[in-house]
Amino acid sequence: MGAKYRGSIHDFPDFDPSQDAETLYNAMKGFGSDKEAILELITSRSNRQRQEICQNYKSLYGKDLIADLKYELTGKFERLIVGLMRPPAYGDAKEMKDAISGIGTDEKCLIEILASRTNEQIHQLVAAYKDAYERDLEADVIGDTSGHFRKMLVVLLQGTREEDDVVSEDLVQQDVQDLYEAGELKWGTDEAQFIYILGNRSKQHLRLVFDEYLKTTGKPIEASIRGELSGDFEKLMLAVVKCIRSTPEYFAERLFKAMKGLGTRDNTLIRIMVSRSELDMLDIREIFRTKYEKSLYSMIKNDTSGEYKKALLKLCGGDDDAAGQFFPEAAQVAYQMWELSAVARVELKGTVHPARDFNPDADAKALRKAMKGLGTDEDTIINIITHRSNAQRQQIRQAFKSHFGRDLMADLKSEISGDLARLILGLMMPPAHYDAKQLKKAMEGAGTDEQALIEILATRTNAEIRAINEAYKEDYHKSLEDALSSDTSGHFKRILISLATGNREEGGEDRERAREDAQVAAEILEIADTSSGDKSSLETRFMMILCTRSYQHLRRVFQEFVKMTNYDVEHTIKKEMSGDVRDAFVAIVQSVKNKPLFFADKLYKSMKGAGTDEKTLTRIMVSRSEIDLLNIRREFIEKYDKSLHQAIEGDTSGDFLKALLAICGGED
């Protein structure tokens with residue numbers, strides 16, 4: 001292999017198995033057990049050494065060490081320690097057995113193990129299962145699952161993935177064509193093609209297939225799998241793709257999801273920490289740090305307690321929060337992410353569309369009726385306004401005035417109130433006027449809402465920005481630039497004014513210039529070897545690059561930056577800069593990387609924890625409803641494991657909730 005060892009647990013140097021057996025025996029003797037001693041010893045020996053301790057324990061005391069540990073320890077700590085005592089293949093066999101037997105099947109566990117193990121590990125697992133339970137694993141899996149999900153599990157259980165690194169260009173092209181024809185181009189899906197190609201081809205080959213697939217179809221293979229497959233089969237195929245791209249990244253994500261939110265999925269946490277401790281824990285830690293901006297160590301520390309926590313931290317093997325730096329494996333993942341965003345042609349889709357058979361006169365009359373007399377019929381108001389496009393709502397306003405000589409906005413204002421009013425009135429305004437009003441509000445009164453200014457100015461297109469400038473002037477008789485000038489200061493002011501001119505280039509990338517721009521970024525973020533000029537002119541150049549280069553060009557700049565420095569530009573900005581300037585630059589980078597994801601994060605933060613930030617929630621739902629809210633929904637469920645629909649349901653109520661769900665447009 002020659003590859004560097006990337007586990008966190010090593011052989012103990014002066015290993016004496018009979019001495020260790022005696023220490024463990026004494027720790028469990030008498031009343032109560034010395035958990036600290038057990039934990040210290042077992043987490044500092046390798047699995048091979050633990051097997052020797054088991055044998056010595058039996059010869060010395062005629063007892064089974066695992067049985068004694070089970071008797072002495074309890075709960076999660078016991079599961080973890082006993083898990084460490086089993087040889088890896090037997091550990092996997094036990095997990096598979098538990099996932100299959102009992103009421104209901106733990107599909108997530110089956111998926112995790114079979115999607116991530118190598119051929120050799122699969123063969124050892126099948127043999128260990130037979131040895132431990134005198135049963136055939138394949139037969140048990142077949143008996144407990146069904147459909148395409150079962151077929152793919154059986155293919156993976158064969159452990160016959162090709163392992164050569166020699167890749168044939170022709171076969172890559174052929175596989176891309178076959179996958180495309182089996183999914184996107186076909187009415188219905190030919191699952192057999194997906195199963196055959198993803199279940200048998202080598203990792204090296206499939207990585208090239210995924211790259212080519214993206215170039216040919218304009219969408220990542222994951223997007224096609226989500227669109228074409230469903231249920232556990234879809235989850236399994238996505239896990240296989242993730243493991244092909246990067247197994248450590250797959251596990252980093254599983255660990256994060258096991259600990260985030262309320263409650264911890266301890267079975268998953270234990271299984272991964274035990275099974276990866278001697279394989280790739282260091283890679284998992286690196287990627288975790290890069291992806292989630294905190295170390296795996298700190299997350300375990302905050303999420304668990306007692307001896308259980310101590311043992312998990314020993315398996316983790318160190319805290320990466322000290323180093324904001326990252327390493328080859330993580331830099332590679334960051335590079336791939338930029339590569340992906342550089343070639344993906346994402347089709348943006350809103351959730352609110354023009355109503356068919358639209359009749360503005362009828363809508364105007366229905367709205368008038370809903371507001372006339374005693375009480376207000378909120379349901380009718382919500383139903384009409386959330387199911388019309390913005391252009392149609394403007395026609396309704398006009399019809400309302402022509403029929404009744406009244407201003408629809410004024411009537412709505414006097415009939416509804418609170419969060420619902422903000423949402424409905426927001427939907428009634430033309431987009432540029434709505435954004436102009438949000439900017440005005442962000443600068444009004446005591447204190448400035450910098451986050452709102454950043455969110456709007458960093459994400460709008462040139463055309464949108466130009467329309468906002470005109471609307472601002474028309475509605476407030478003052479230029480947006482003057483307003484920003486008098487309300488903000490320093491570098492932050494310069495960034496906002498630069499964004500507010502709407503002068504971002506629209507063209508493609510220029511490789512040579514991208515390298516120069518990346519060099520400027522490296523110098524300003526103080527990680528370049530050389531420095532070519534004074535700080536203030538560099539700062540101006542850096543600002544100009546981020547505020548005026550086209551998105552396509554910036555993606556290339558950020559990729560060159562990773563190549564040049566082994567750092568991801570977003571993390572470096574977070575580490576080296578502070579305050580509003582940092583927030584503005586991070587928003588630009590995130591928006592370039594993946595704008596729908598930027599908004600999904602904002603929506604998640606507006607609803608998490610105690611209290612809801614209704615302003616942000618309303619602003620994003622209104623302003624993205626006809627642009628990319630469907631894409632935002634997809635990013636939301638992918639990252640947070642729950643749908644935007646569920647999040648809104650759990651966090652808002654009444655008519656506000658009804659209206660938001662109507663705009664959200666569906667449950668994922």
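One is the number of the first residue; the rest follow in order along the sequence. When reading the values below, keep in mind they use all heavy atoms of this one structure, side chains included, and skip hydrogens, waters and symmetry mates.
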Side-chain donor or acceptor of Arg633 paired with backbone N/O of Cys664 under 3.5 Å: yes

Trace of the side chain to side chain contact (heavy atoms under 4.5 Å, CB included) decision for Met371 with Ile381: CA-CA 9 Å; Met371 295 188 282; Ile381 297 174; 3.9 Å; yes

Residue Lys437 excluded, over 12 heavy atoms near NZ under 6.0 Å: no

Side-chain H-bond candidate by donor/acceptor type, Glu635 with Asn631, under 3.5 Å: no

Donor on one side chain, acceptor on other, Asn390 and Glu626, under 3.5 Å: no

His491, NE2: over 12 other non-hydrogen atoms inside 6.0 angstrom: no

More than 12 heavy atoms of other groups within 6.0 Å of Lys615 NZ: no

Charged N-O contact under 4.0 Å between Asp435 and Arg460: yes

Gln438 side-chain N/O to Ile456 backbone N/O, donor-acceptor pair under 3.5 Å: no

Exam field: side chain Arg254 to backbone Thr268, donor-acceptor pair closer than 3.5 Å: no

Audit row: Asp419, Thr612, side chain to side chain contact (heavy atoms under 4.5 Å, CB included) steps and yes/no: CA-CA 11 Å; Asp419 294 328; Thr612 308; over 6 Å; no

Distance, nearest 0.5 Å, that separates CD1 of Ile497 from CE of Met543: 9.0 Å

For Leu644 against Met621, the heavy-atom pair lying closest together: CD2-SD, 4.2 Å

Flag, side chain of Ser550 to backbone of Gly507, donor-acceptor distance under 3.5 Å: yes

Ile385 to Leu367 - nearest heavy-atom pair and separation: CD1-CD2, 4.4 Å

Minimum heavy-atom distance Arg393-Met428, with the two atoms named: O-CE, 3.7 Å

Side chains of Arg555 and Gln552, donor plus acceptor under 3.5 Å: no

Test ring-ring contact (aromatic ring centres under 6.0 Å, His included) applied to Phe233 and Phe194, step by step: CA-CA 11 Å; Phe233 180 46; Phe194 278 88; 7.8 Å; no

Beyond-backbone contact of Phe585 with Val569, side-chain heavy atoms, under 4.5 angstrom: no

Electrostatic pair Arg556-Asp517, nearest N-O below 4.0 angstrom: no

Salt bridge present between Glu455 and Arg619 (N-O < 4.0 angstrom): yes

Salt bridge Lys605-Asp613, side-chain N to carboxylate O under 4.0 Å: no

Closest non-hydrogen atom pair, Leu420 against Glu378: CD2-CG, 4.0 Å

Ion pair check, Lys108 and Glu112, cut-off under 4.0 Å: no

Ser414 side chain vs Asp411 backbone, donor-acceptor pair below 3.5 Å: yes

CD1 on Ile244 to CZ on Phe210, rounded to 0.5 Å: 5.5 Å

Backbone of Ile663 reached by a side-chain donor or acceptor of Thr351 within 3.5 Å: yes

Closest heavy-atom pair and its distance - Leu480, Ala500: CD2-CB, 4.1 Å

Spacing of CG belonging to Leu660 relative to CD1 belonging to Ile648, to within rounding of 0.5 Å: 5.0 Å

Minimal non-hydrogen separation, Lys595 against Tyr551, with atom names: CE-OH, 3.6 Å

Passing option when Lys349 is tested against Leu630, Ile627, Ile632 for side-chain contact (heavy atoms from CB on, under 4.5 Å): Leu630

Pairwise distance CG(Leu484) to CE(Met443) - rounded to 0.5 angstrom: 4.5 Å

Leu229 side chain near Met152 side chain, heavy-atom distance below 4.5 Å: no

Beyond-backbone contact of Leu439 with Leu453, side-chain heavy atoms, under 4.5 angstrom: yes

Cationic N near anionic O, under 4.0 Å, Glu570 to Lys593: yes

Student check: side-chain heavy atoms of Glu347 and Lys219 closer than 4.5 Å: no

SB check Glu253 Lys242 (cutoff 4.0 Å): yes

Side-chain donor-acceptor pair present, Tyr180, Ser224, cut-off under 3.5 Å: no

Separation of Leu457 CG from Ile468 CD1 (nearest 0.5 Å): 7.0 Å

Donor-acceptor contact present, side-chain Ser606 to main-chain Leu603, <3.5 Å: yes

Under 3.5 Å donor-acceptor, Ser486 side chain and Ala483 backbone: yes

Heavy-atom check, side chain of Asp232 versus side chain of Thr105, under 4.5 Å: no

Stepwise salt bridge (charged side-chain N to carboxylate O under 4.0 Å, His left out) check, Arg226 with Glu638: CA-CA 10 Å; Arg226 275 193 204 99; Glu638 166 69 7; 2.7 Å; yes

Lys608 atom NZ: more than 12 heavy-atom contacts under 6.0 Å: no

Evaluation steps, side chain to side chain contact (heavy atoms under 4.5 Å, CB included), between Glu509 and Val557: CA-CA 9 Å; Glu509 59 186 78; Val557 174; over 6 Å; no

Ile588 and Leu499, any side-chain heavy atoms less than 4.5 Å apart: yes

Plane angle bin for Phe256 and Tyr292 - parallel if under 30°, tilted between 30 and 60°, otherwise perpendicular: parallel

Mutual orientation of the aromatic rings belonging to Tyr640 and Tyr604 [parallel < 30°, tilted 30-60°, perpendicular > 60°]: parallel

Residue pair Thr488, Asp580: steps toward the side chain to side chain contact (heavy atoms under 4.5 Å, CB included) verdict: CA-CA 10 Å; Thr488 56; Asp580 297 329; over 6 Å; no

Sidechain-backbone polar pair: Asp628 side chain, Leu348 backbone, donor-acceptor under 3.5 Å: no

Donor-acceptor contact below 3.5 Å, side chain Arg406 vs main chain Lys401: no

From Arg634 atom CZ to Leu597 atom CG, the distance as rounded to the nearest 0.5 Å: 14.0 Å

4.5 Å side-chain heavy-atom contact, Glu228 and Glu234: no

From CA spacing to verdict: salt bridge (charged side-chain N to carboxylate O under 4.0 Å, His left out), Lys658, Asp379: CA-CA 9 Å; Lys658 274 186 209 160; Asp379 284 352; 3.0 Å; yes

Contact check, side chains of Met607 and Leu617, non-hydrogen atoms, under 4.5 Å: yes

